[in-house]
Amino acid sequence: MSIVTVATQPIEGQKPGTSGLRKKTRVFMAPHFVENFVQATLNAIGGATGKTFVLGGDGRYFSDRVAQVILRMCAANGAARVIVGRDTLLSTPAASHLIRLNRTDGGFIMSASHNPGGIDEDFGLKFNTPNGGPAPESVTNAIHAETLSLANYRVLEAQDVDLSRVGETTIGDMVVSVVDPVADYADLMETLFDFDRLRASFAGGFRMRFDAMCAITGPYATEILENRLGAAKGTVVNGTPLPDFGGMHPDPNPTWAHELMDVMFGPDAPDFGAASDGDGDRNMVVGKGIYVSPSDSLAVVAANAHLVPGYANGISGVARSMPTSTAADRVAEALGIPAFETPTGWKFFGNLLDAGRVTLCGEESFGTGSDHVREKDGLWAVLFWLDIIAARGQSVAEILTDHWARFGRNYYSRHDYEALPIDTASAIVDDLRARLGDLPGTVVQGMTVSAADDFAYTDPIDGSVSAQQGLRVVFSDQSRLVIRLSGTGTEGATLRLYLERVVPGPKDLDLDVQQALDPVIRAAEELAGIRARTGRNAPDVIT
Ligand code: G16
């Protein structure tokens, strides 16, 4: 086996977005595309010599080929060992756990998360650092800089490695350890939650439905919920990961997980419903006839953490992304712990988690997690809810009602306008940005603007600054709208409009969400003119 140095040229468009590099699969399939990005990554982290990495992903189309390329390139660049999930499978939180558990030098995750998979859909690749978290901007900027000047990459000439069997093998001088993708992660969950209590709950007739959307969490959910906790067989549906996710759009929100929503709002609904996304880091939780918004989910988890064994000694702080509702802030205030507001992207939580400043983090984009790994974790959030339900002996609806009565309710929704012409979407954002300074004090749809800015974040741990992270307009009654462009889409531009209205209670705690938000929706249209300027008469996705 010989190491070949292949001459190449920089390829445009290799700038990582909110979470790694995401493109159409065919873009990744172009000559040198994967190789350039992998070499740029290895260069940016100071080379691979003697290092150990984790490798896995959600099993989407093309993962098998990319995994072999990464193995050959790691071997050619002098890596000592790569730990790979069997059949290339690892959920993103499981990969994060393996990176930490084995004290490795980081890992490659092959996934475009909630984006559909297949030759005409999306692929993605991201590097996580030794703390198990997505590379911070300092690293992704360095990777991008490398992609712009790359002249060659190194690859080992070798046959494919058999990744279908657990065990050790070598490629060149490098060891390849193929591991069970589920076992270590499931063991970690047993240390955090009261598995005896949960077993008793399922034995007592508690019913749930977990929709894995033909994506990575199927094997994890089956092992944990059905095998270890004794939930009825068939609790996990769409449980086999498929390269094209069976044609599903594996994004756990009311639009894409509508089958689950139909069941949960239908006759004979089970007690609890949940779904996860392509790579297993997102979650949606639903009660019988009631949907839990991700922002509320974070707040409820924080308010009830003392009931869950892994968190019973207290939580140090809570962090949420800026567009996420402020519901969790109110819980933090009541608990006397700090609350942090970060830009969108799980990578911004890493420093706070590493420094022990926060225990729980969450995002409106169906992400919830804690310091047990450095990624958001879909199944973890589901187990957290199950443990809270078991400990309180209440339904989801009762838990939410109690929560709103105590803390007030943050009505919240996100409206997405997808696949817009990039120029149109950028102009909408740029025009509003230019007017922000004039807005405070003005009245829009009967509401007075109290503050308006383009969110900038200074990391409290390393002082790094991230500017232009979303436009926010806050009204004097604490209602709020936020506009930003997605950093994960692969087709045109996706404009996200985040809407929030705070109702302190005790009145008006059970309004229809869209109706409750109507004044804020109208204010957004008056200020930004999204519908007028795009010609769309409704959002593509409402969460
Ligand atoms: C990724 C990030 C999240 C972010 C989400 C949406 O999630 O990890 O932190 O909130 O994208 O980002 P955007 O609004 O820029 O599209 P995932 O699940 O896709 O990895």
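Residues take their numbers from the sequence shown, with the count starting at 1. Counting starts at 1 for both ligands and their atoms, in listed order.
Under the ring pair (Phe, Tyr, Trp, His ring centres under 6.0 Å) test applied with F62, the options F28, F123, F33 reduce to a single match, F123.
For L101, the side chain to side chain contact (heavy atoms under 4.5 Å, CB included) partners at least two apart in sequence or on another chain are H97, L98, D184. Not counting sequence neighbours, Q68 has no partner by the side-chain hydrogen bond (donor to acceptor under 3.5 Å, both in side chains) test.
Side-chain contact of N102 with T104: a donor-acceptor pair under 3.5 Å is absent, judged by distance alone.
Residues of the protein with a heavy atom under 4.0 Å from ligand 1 are T18, S19, R22, S113, H114, D277, D281, R282, T344, G345, W346, E363, S365, K376, R484, S486, G487, T488, R496, listed by chain and number.
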Would you give me the side-chain donor-acceptor pairs under 3.5 Å for residues 421-429, sequence neighbours excluded?
{"from": "S426", "atom 1": "OG", "to": "I422", "atom 2": "O", "distance (Å)": "2.8"}

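Using a 4.0 Å cut-off between a side-chain N of Lys or Arg and a carboxylate O of Asp or Glu, D454 and R433 qualify as a salt bridge.
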